[in-house]
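Below: one structure, written as structure tokens.
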Amino acid sequence: MAKITYLECSKCGERVSADTPQTLCPKDAGSLYVRYDLELLKKTFTRESLAGKPASMWRYAAVLPDAEPVTLGEGFTPMLESRRTPGVYIKDEGINPTGSFKARGLSAAVTMVRHYGVKKVAIPSAGNAASALAAYAAAAGVEAHIFMPKDVPQANYIECTSYGANVTLVDGLISDCARIIGERKQQEGWFDISTLKEPFRIEGKKTMGYEVAEQLGWKLPDGIIYPTGGGVGLIGMWKAFEEMEQLGWVSGKRPKMIVVQASGCAPIPKAWEEHKAVSEAWKNASTIAAGLRVPKAYGDYIILDILKQSGGTAVEATDDEIMLAFQQWAREEGVFAAPEGAASLVAYQKLRKSGFFKESDKVVLFNTGSGLKYIDVIAAWQEKNKAQQPKTRAMGGIIQPY
Ligand SMILES: Cc1ncc(COP(=O)(O)O)c(C=O)c1O
Ligand SMILES: [Zn+2]
């Protein structure tokens, strides 16, 4: 495992010691990146050294903080080549513990929380980050305080309470949950584990970038489509590409990074279109894809910069487009995606239509979670949209047993 040399501010470059728990840059509240001595690591941490390492994100422990992992087996998820569109890959994060990619970030963050001896953590969440924190906190013996919008998918609420977390449902959005934690954390003694307000969730999520490279034979794809709320995965993967270049593992052009958000909450596509460096808070955010209901990402300036650097773009998808894509993946690929993940397929189809991607481009579509966590949401949409349902083959109905 890697010794952290320092934490570096993403805004002003200020260096902060990792010897004690840190949240944001003390100068300008920028998010902090974890830095290691990659020149030193390069000597021993080679691509070949991965042989025989665990099939989890901890196979990349050499570039993760030096601490005893709190793990439930997260990461090293399947990279499925589309059965209909060769060259298009579905990175299926629904296989993770607690059914989403949030497991990676929270495994890393809770590892460090335990390492530092922190006893109580708090998180504002659109749903899946809460479930993941609750599970890892239970595994680590840490007290979790969770604030979620009151209309989160039912699974998230039931998971959190089952794991023994303290759950508060808020009549508002994730931004309201974050505000409440901000107001109470000092008095309550909570460590704030919000997206991009501590440095280690990025470290967990960056392993997706390492996996994309390893699973595609160390040749990075032409594009990566990522359903973006707070954007930690996108930021983490970009960091992974930089690290792998320094380790001499990959070279050449990095993938075009594509943000997809829901039309009912699309601050990044709006800012991208208007050539802005930061986004404006989205008003009346509403979408079936709960994880994309983030009115303003804390790290919007980093996300927009990555889109620019990579030659990427930002796309939006309506709820109906998302749910039709959900059905398409289920029927054509056997993948039961989270609505957020299905948004990646909508973005890919739009970008093929516009000519942004060619047929020959290798593109990785992130399915960030399992549709099983959204059964109530999916059932409600299907009931409301009966006319759009494809005919099912099994029409036997209910029969009495003999
Ligand atoms: C399934 C799913 N996909 C995507 C996202 C967005 O993730 P991020 O906030 O890291 O951009 C979330 C966030 O809750 C999610 O639960
Ligand atoms: Zn700073």
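Each ligand, and each atom within it, is numbered from 1 in the order the structure gives.
The protein atom (non-hydrogen) at minimum distance from atom 13 (C) of ligand 1 is K102 CE, 3.0 Å. The protein heavy-atom contact nearest to atom 6 (C) of ligand 1 is G229 N, 3.4 Å.
In this structure, Y374 is part of the shell of residues with a heavy atom less than 4.0 angstrom from ligand 1. Distances from ligand 1 to the non-hydrogen atoms of F101 include at least one value under 4.0 Å. Distances from ligand 1 to the non-hydrogen atoms of K373 include no value under 4.0 Å. Contact annotation: S100 has no heavy atom less than 4.0 Å from any atom of ligand 1. Ligand 1 lies within reach of G231, whose nearest heavy atom is under 4.0 Å from it.
Atoms of ligand 1 lying under 4.0 Å from at least one heavy atom of N128, given by number and element, are 1 (C), 15 (C), 16 (O). Each of the following atoms of ligand 1 lies closer than 4.0 Å to a heavy atom of P227: 4 (C), 6 (C). Using a 4.0 Å cut-off to heavy atoms of K205, the atoms of ligand 1 that qualify are 10 (O). Every atom of ligand 1 with a heavy atom of T228 under 4.0 Å away is listed here by number and element: 11 (O).
Residues K386 and E383 are paired through a salt bridge, judged by an N-O separation under 4.0 Å between the basic side chain and the carboxylate. Taking 4.0 Å as the cut-off between side-chain N and carboxylate O, R59 and E211 do not count as a salt-bridged pair. Salt-bridge formation is not detected for the pair K239/E242: no Lys NZ or Arg NE/NH1/NH2 atom is positioned less than 4.0 Å from an Asp or Glu carboxylate oxygen. Under 4.0 Å is where a charged nitrogen must lie from a carboxylate oxygen, and between R293 and D151 at least one such pair does. Between R104 and E93 there is a salt bridge, with a side-chain nitrogen of the basic residue lying less than 4.0 Å from a carboxylate oxygen of the acidic one. Salt-bridge annotation for E316 and K270: absent, with no side-chain N of the basic residue lying under 4.0 Å from a carboxylate O of the acidic one. By the 4.0 Å N-to-carboxylate-O rule, E81 lies too far from K362 to be salt-bridged with it.
Ligand 1 has no nitrogen or oxygen under 3.5 angstrom from a nitrogen or oxygen of L292. The shortest N or O to N or O distance between T368 and ligand 1 is under 3.5 Å. Taking only nitrogen or oxygen atoms, main chain and side chain alike, G230 reaches within less than 3.5 Å of ligand 1. Ligand 1 has no N or O atom lying under 3.5 Å from any N or O atom of T195, backbone or side chain.
Residue side and main chain included, D28 places an N/O/S atom under 2.8 Å of the Zn ion (ligand 2).
Here the Zn ion (ligand 2) is the vertex; the SG atom in C12 and the SG atom in C25 give an angle of 110° (to 10°).
Listed for the D66 side chain is no donor-acceptor partner under 3.5 Å among the backbone atoms of A2.
Enclosure of atom CD in E245 by more than 12 non-hydrogen atoms of other residues, nucleotides or ligands within 6.0 angstrom is indicated.
Here S131 contributes atom OG and K373 contributes atom NZ; the two are 3.5 Å apart, rounded to the nearest 0.5 Å.
For K205 and F101, the positive end sits near the middle of the six-membered ring, less than 6.0 Å away and at most 45° from its axis.
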